[in-house]
> 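One structure, pasted below without further comment.
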Amino acid sequence: MDEYDSEVSMRFFPTFIDEKIFEMPVIYSYVAWAPWNRQYWAENLLPKVLEKYKMTYGDDFQLLNHPTQGKVYYKIDGKRRINLFVKDEQFVQAVFTDLKVEKRLNEEFENSQSQEQIPSN
């Protein structure tokens, strides 16, 4: 990615449900990242990735201060949610989620939990 101030690596790992992508985590990191190279830490990369996402997906990302993950930028449009955050010192992570499938999976999970709680005589 030559749009950044140094070479950036991007990797993605799609999760499939019913042969369609349900969720796709994407991780970004500077190739030159090292614990002693503070300028190449994820906290410095996040604003640059966010700018690229705004150019691609629209400018209306919202900021959520998550109690454990810190700053999470998110956008929901239609059935897609995009979360963007610092995963750790090295990685910025984006997660694309199909909300329709997520809702179905949550409902199936809740149904399976309620089935387990029914006493059988």
Side-chain angles (χ1 to χ4, degrees):
M1 298 187 146
D2 57 356
E3 304 97 8
Y4 298 96
D5 54 347
S6 183
E7 190 176 357
V8 172
S9 165
M10 177 185 97
R11 289 178 237 144
F12 54 94
F13 313 91
T15 301
F16 292 87
I17 302 275
D18 299 331
E19 298 180 22
K20 294 181 183 169
I21 295 177
F22 152 57
E23 194 166 73
M24 188 167 64
V26 183
I27 58 170
Y28 297 87
S29 66
Y30 282 113
V31 172
W33 179 87
W36 53 86
N37 283 344
R38 293 281 316 206
Q39 74 267 29
Y40 298 126
W41 279 28
E43 64 193 22
N44 297 320
L45 181 56
L46 176 64
K48 296 170 178 121
V49 174
L50 178 61
E51 271 311 302
K52 297 298 174 193
Y53 272 51
K54 284 180 175 181
M55 289 170 54
T56 304
Y57 300 106
D59 200 32
D60 53 344
F61 277 79
Q62 303 294 315
L63 174 61
L64 170 72
N65 286 309
H66 192 274
T68 56
Q69 281 185 286
K71 289 181 180 179
V72 177
Y73 293 92
Y74 72 95
K75 176 181 172 75
I76 297 173
D77 56 353
K79 64 177 190 149
R80 177 182 64 194
R81 179 182 62 224
I82 304 170
N83 288 347
L84 185 63
F85 55 93
V86 170
K87 182 178 179 187
D88 57 26
E89 295 170 348
Q90 184 176 1
F91 296 109
V92 169
Q93 182 161 359
V95 180
F96 293 77
T97 305
D98 183 328
L99 295 174
K100 201 165 112 180
V101 175
E102 182 180 67
K103 181 179 182 216
R104 190 188 88 211
L105 292 175
N106 286 337
E107 288 169 355
E108 288 174 5
F109 176 74
E110 288 171 12
N111 289 339
S112 72
Q113 295 299 302
S114 62
Q115 293 295 323
E116 290 176 12
Q117 295 176 6
I118 297 174
S120 57
N121 293 341

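Predicted model, so just to flag it, every value in this text is computed and none were measured. Numbers for residues simply follow the sequence, beginning at 1.
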> Less than 4.5 Å apart, any side-chain heavy atom of Lys87 and any of Gln69?
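Lys87 vs Gln69: side chains apart.
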> To the nearest 0.5 angstrom, please state how far the CD atom of Gln62 sits from the NZ atom of Lys75.
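Going from the CD atom of Gln62 to the NZ atom of Lys75 covers 9.0 Å.
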> Not counting sequence neighbours, which residues clear salt bridge (charged side-chain N to carboxylate O under 4.0 Å, His left out) with Arg11? List them please.
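Checked Arg11 against salt bridge (charged side-chain N to carboxylate O under 4.0 Å, His left out); zero matches.
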> Between Asp98 and Arg80, does any side-chain N to carboxylate O distance fall below 4.0 Å?
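Between Arg80 and Asp98 there is no salt bridge, as every charged N stays at least 4.0 Å from the carboxylate O atoms.
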> Sequence neighbours left out, what passes ring-ring contact (aromatic ring centres under 6.0 Å, His included) with Tyr57? Give chain and number order.
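Tyr57 satisfies ring-ring contact (aromatic ring centres under 6.0 Å, His included) with Tyr53, Phe96 once adjacent residues are dropped.
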> Kindly say whether the aromatic ring centers of Phe61 and Tyr73 come within a distance under 6.0 Å.
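Aromatic pair excluded; centres sit 6.0 Å or further apart.
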> Less than 4.5 Å apart, side chain to side chain, heavy atoms only: is that true for Met10 and Val26?
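Yes, side chains in contact.
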> Kindly write out the residues that satisfy salt bridge (charged side-chain N to carboxylate O under 4.0 Å, His left out) with Asp88, not counting sequence neighbours, or none if the list is empty.
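So Asp88 forms no salt bridge (charged side-chain N to carboxylate O under 4.0 Å, His left out) with any residue.
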> State which residues pass side-chain hydrogen bond (donor to acceptor under 3.5 Å, both in side chains) with Glu51; sequence neighbours excluded, sorted by chain then number.
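Result, side-chain hydrogen bond (donor to acceptor under 3.5 Å, both in side chains) vs Glu51: none returned.
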> Please list, one pair per line, the donor and acceptor atoms closer than 3.5 Å that link side chains of residues 15-25 to other protein atoms, with sequence neighbours excluded.
from, atom 1, to, atom 2, distance (Å)
Asp18, OD2, Arg104, NH1, 3.2
Asp18, OD2, Arg104, NH2, 3.2
Glu23, OE2, Thr97, OG1, 3.1

> Can you confirm whether Lys103 sits close enough to Leu99 that some side-chain heavy atom of one is under 4.5 Å from a side-chain heavy atom of the other?
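No, every pair of side-chain atoms sits at 4.5 Å or beyond.
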> Residues in ring-ring contact (aromatic ring centres under 6.0 Å, His included) with Phe91, at least two apart?
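Counting only residues at least two positions away or on another chain, Phe91 forms no ring-ring contact (aromatic ring centres under 6.0 Å, His included).
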> With a 4.5 Å heavy-atom cut-off, do Leu84 and Val72 have their side chains touching?
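In short, these two side chains do not touch, never coming nearer than 4.5 Å.
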> Please examine the side chains of Leu45 and Tyr28, heavy atoms only from C-beta on, and report whether any two atoms are closer than 4.5 Å.
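In contact.
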> Using a 4.5 Å cut-off on heavy atoms from C-beta on, say whether the side chain of Gln39 contacts that of Tyr30.
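Heavy-atom side-chain distance check fails, nothing below 4.5 Å.
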> Is there side-chain contact between Tyr40 and Ser6, with heavy atoms separated by less than 4.5 Å?
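Result yes, sub-4.5 Å side-chain heavy-atom pair found.
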> Given side chains that start at C-beta, do those of Glu89 and Glu43 come closer than 4.5 Å, heavy atoms only?
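Of all side-chain heavy-atom pairs linking Glu43 with Glu89, none is under 4.5 Å.
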> Atom CZ of residue position Phe13 - does it have more than 12 heavy atoms of other residues, nucleotides or ligands inside 6.0 Å?
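Atom CZ in Phe13 is crowded, with more than 12 foreign heavy atoms closer than 6.0 Å.
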